[in-house]
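We name chains A, B, ... by the order of the sequence lines, and we start the count at 1 in each one. Side chains included, hydrogens not; waters and symmetry mates left out as well; all remaining heavy atoms used.
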Number of protein chains: 2
Amino acid sequence: MQPTGPTTEVHELVKRRLAENGIRYTSGRRSVVTAIQMASGPRSTAELSQETTDDLPISSLYRTLAIFENAGILKRDHGPHGLARYELAEWLTGHHHHVVCIACGAIEDIEVSDKAESELHAIVSTLASLAGYRVLDHILEVEGVCEACDD
Amino acid sequence: MQPTGPTTEVHELVKRRLAENGIRYTSGRRSVVTAIQMASGPRSTAELSQETTDDLPISSLYRTLAIFENAGILKRDHGPHGLARYELAEWLTGHHHHVVCIACGAIEDIEVSDKAESELHAIVSTLASLAGYRVLDHILEVEGVCEACDD
DNA sequence: TTCCTTGCAAACGATTTGCATTGGA
DNA sequence: TCCAATGCAAATCGTTTGCAAGGAA
């Protein structure tokens, strides 16, 4: 799940990526990356606001997230209530999918076996060609009930 | 894609479902269902506001959408910018997936063959059991470029 | 010095809600 | 009559932005 190696390595990669665009990797920005790295799945801005060590003002948090998204460091999606959620881009974490607990809202990263992944690709490309689309990516999300929430 | 038959049939099913909960199927509500039925994929509230025949005030539109969602008639998700999008629940349309054009934002329903669907189920259940989840549903979304937007 | 970054407060836009009115069974 | 449905305006809430101050190269 972390083909890029240990924690510090991600910081290095992020720093380099930002530097290429003349963007500084400040301590506030570092703490956002750390917070996201600690999580086992996408994090909402509210969560990040809390989990961020220094108490980063919310406007700075949003600005940081926007910068990271533009730089291809974070990927944004939206949770069931429409709240933005962020996770590290796949070149930093590896390709994965999500399982979501509809009871407690937990969301976890899951890796798929190579065999399953190639089957998925086959399905996806068939599906896309039917609609005349050129495939760029796919998202598979499993909705279910996690162990803790299940009776 | 419409195992429930022609247009009027959906209205009947919706009406019945609402009636079971003591909720009326008024003309404003009918026009929302009609607008969603016309679409080939999920619709945003802004789109629905326009596509709705009578000019339904936004507050009523939102209230209608909330009622439909609670009654299991509509399913909500969120587009790339976090805007809410609605589509008929699968018991009204049949199980399907989406292809999304990242260039123009178009989104279309796509059906998967029975064979592909059963492969998908296998992948999904393996994946979920790894995380200790009981599977309830799955979402497969293909991101790509539609014919019109492709060079 | 020159830009990038930060913080605060004000602005925004989508969605929700209070309340008085209307309308259907 | 009675309760659901409606319409308007005001309120919320997440997110964005303007602007002046702070900081690194």
Side-chain angles (χ1 to χ4, degrees), chain A residues 11 14-36 42-71 73-87 105, chain B residues 11 14-36 42-71 73-87 105:
Chain A
H11 283 298
V14 170
K15 179 176 187 174
R16 197 173 312 155
R17 178 71 144 237
L18 290 177
E20 287 165 9
N21 297 291
I23 298 170
R24 295 182 198 138
Y25 196 35
T26 63
S27 67
R29 289 171 184 175
R30 233 176 248 280
S31 84
V32 170
V33 169
T34 299
I36 291 187
R43 304 305 268 162
S44 69
T45 51
E47 289 166 335
L48 289 175
S49 181
Q50 298 207 300
E51 294 159 6
T52 240
T53 57
D54 43 29
D55 67 311
L56 202 56
I58 207 146
S59 61
S60 294
L61 173 59
Y62 276 106
R63 273 196 267 241
T64 294
L65 293 172
I67 286 169
F68 283 168
E69 195 188 354
N70 290 335
I73 290 162
L74 295 183
K75 183 154 194 266
R76 177 174 76 195
D77 81 329
H78 292 273
H81 189 63
L83 298 183
R85 286 187 311 208
Y86 293 86
E87 62 185 332
Chain B
H11 283 298
V14 170
K15 180 176 186 174
R16 197 172 313 155
R17 178 74 145 236
L18 289 177
E20 286 165 10
N21 297 292
I23 298 170
R24 296 181 196 138
Y25 196 34
T26 62
S27 67
R29 291 172 182 175
R30 254 192 167 70
S31 84
V32 170
V33 168
T34 299
I36 291 186
R43 304 305 267 162
S44 70
T45 51
E47 289 167 335
L48 290 174
S49 180
Q50 297 208 301
E51 293 159 7
T52 242
T53 57
D54 42 30
D55 68 311
L56 203 56
I58 357 166
S59 61
S60 294
L61 173 58
Y62 278 106
R63 273 196 266 241
T64 294
L65 293 172
I67 286 169
F68 283 169
E69 195 188 355
N70 290 335
I73 290 162
L74 295 184
K75 182 151 195 269
R76 176 174 77 194
D77 81 328
H78 292 273
H81 189 62
L83 297 183
R85 286 185 312 208
Y86 293 86
E87 61 186 333

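Contacts between residues 73-82 of chain A and DNA chain C, counted as heavy-atom distances below 4.0 Å, involve no residue at all.
A straight line from CD1 of Ile67(B) to C1' of dA5(D) spans 8 Å, rounded to a whole angstrom. Atoms NZ (Lys15(B)) and C1' (dA5(D)) sit 16 Å apart, rounded to a whole Å. The nearest whole Å value for the distance from the OH atom in Tyr62(B) to the C1' atom in dG7(D) is 16 Å. Note: CZ (Arg63(B)) to P (dA4(D)) measures 14 Å, nearest angstrom. Put simply, CD on Glu47(A) is 17 Å from C1' on dT15(D), counting in whole angstrom units. For the pair Arg85(A) CZ and dT15(D) P, the computed distance is 12 Å after rounding to whole Å. Taking atom CD1 of Ile58(A) as the reference point, atom C1' of dT17(D) lies 15 Å away to the nearest angstrom. If you measure from atom CD of Glu69(A) to atom P of dT16(D), you get 9 Å, rounded to the nearest angstrom.
Atom OG1 of residue Thr64(A) and atom CG of residue Leu61(A) lie 6.5 Å apart, to the nearest 0.5 angstrom. A distance of 9.0 Å separates OG1 of Thr26(B) from CG of Leu18(B), quoted to the nearest 0.5 Å.
Shortest non-hydrogen contact noted between Pro80(B) and Arg85(B) is CD-NH1, 4.0 Å. Scanning all heavy atoms of the two residues, the minimum distance from Arg76(B) to Ala84(B) falls at CD-CB, 3.9 Å. Smallest separation of non-hydrogen atoms from Pro42(B) and Glu47(B): O-OE1, 4.3 Å.
At least one side-chain heavy atom of Leu48(A) sits less than 4.5 Å from a side-chain heavy atom of Leu65(A).
Ile23(A) comes within contact range of the sugar-phosphate backbone alone, with a heavy-atom separation under 4.0 Å but no base atom that close. Residue contacts shown for Thr45(B) are limited to sugar-phosphate atoms, with no base heavy atom under 4.0 Å away. At the heavy-atom level, Ala66(A) lies nowhere under 4.0 Å from the strands shown. Backbone-only contact: Arg29(B) has heavy atoms under 4.0 Å from sugar-phosphate atoms and none from a base.
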Expected rows: protein N/O vs nucleotides 20-23 of chain D N/O, under 3.5 Å:
residue, atom, partner, partner atom, Å
dG23(D), N2, Arg24(A), NH2, 3.4

Start with the C-alpha distance between Thr45(B) and Ile58(B), add both sets of side-chain angles, then the distance that settles side-chain contact (heavy atoms from CB on, under 4.5 Å), and finish with yes or no. CA-CA 9 Å; Thr45(B) 51; Ile58(B) 357 166; over 6 Å; no
Go through the steps for Phe68(A) and Ile36(A) under the test side-chain contact (heavy atoms from CB on, under 4.5 Å), then give the verdict. CA-CA 12 Å; Phe68(A) 283 168; Ile36(A) 291 187; 6.0 Å; no
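Once you apply a 4.0 Å limit to the heavy atoms of chain A, the touched nucleotides of DNA chain C run 5' to 3' over dC3(C) to dA9(C).
For Arg17(A), there are no salt bridge (charged side-chain N to carboxylate O under 4.0 Å, His left out) partners, not counting sequence neighbours. With sequence neighbours excluded, the residues that form a side-chain contact (heavy atoms from CB on, under 4.5 Å) with Thr52(B) are Ser31(B), Val32(B), Asp54(B), Leu56(B).
For DNA chain C, the stems formed by at least three consecutive Watson-Crick or G-U pairs, with both atom-pair distances below 3.5 Å, span C:1-25 with D:1-25.
Remark: of the listed residues Arg29(B), Glu51(B), His11(B), His11(B) is the sole one forming a side chain to side chain donor-acceptor pair (under 3.5 Å) with Thr34(B).
Along DNA chain D, the nucleotide nearest Tyr25(B) and the nucleotide nearest Ser59(B) are compared for position; the residue whose nucleotide lies closer to the 5' end is Tyr25(B).
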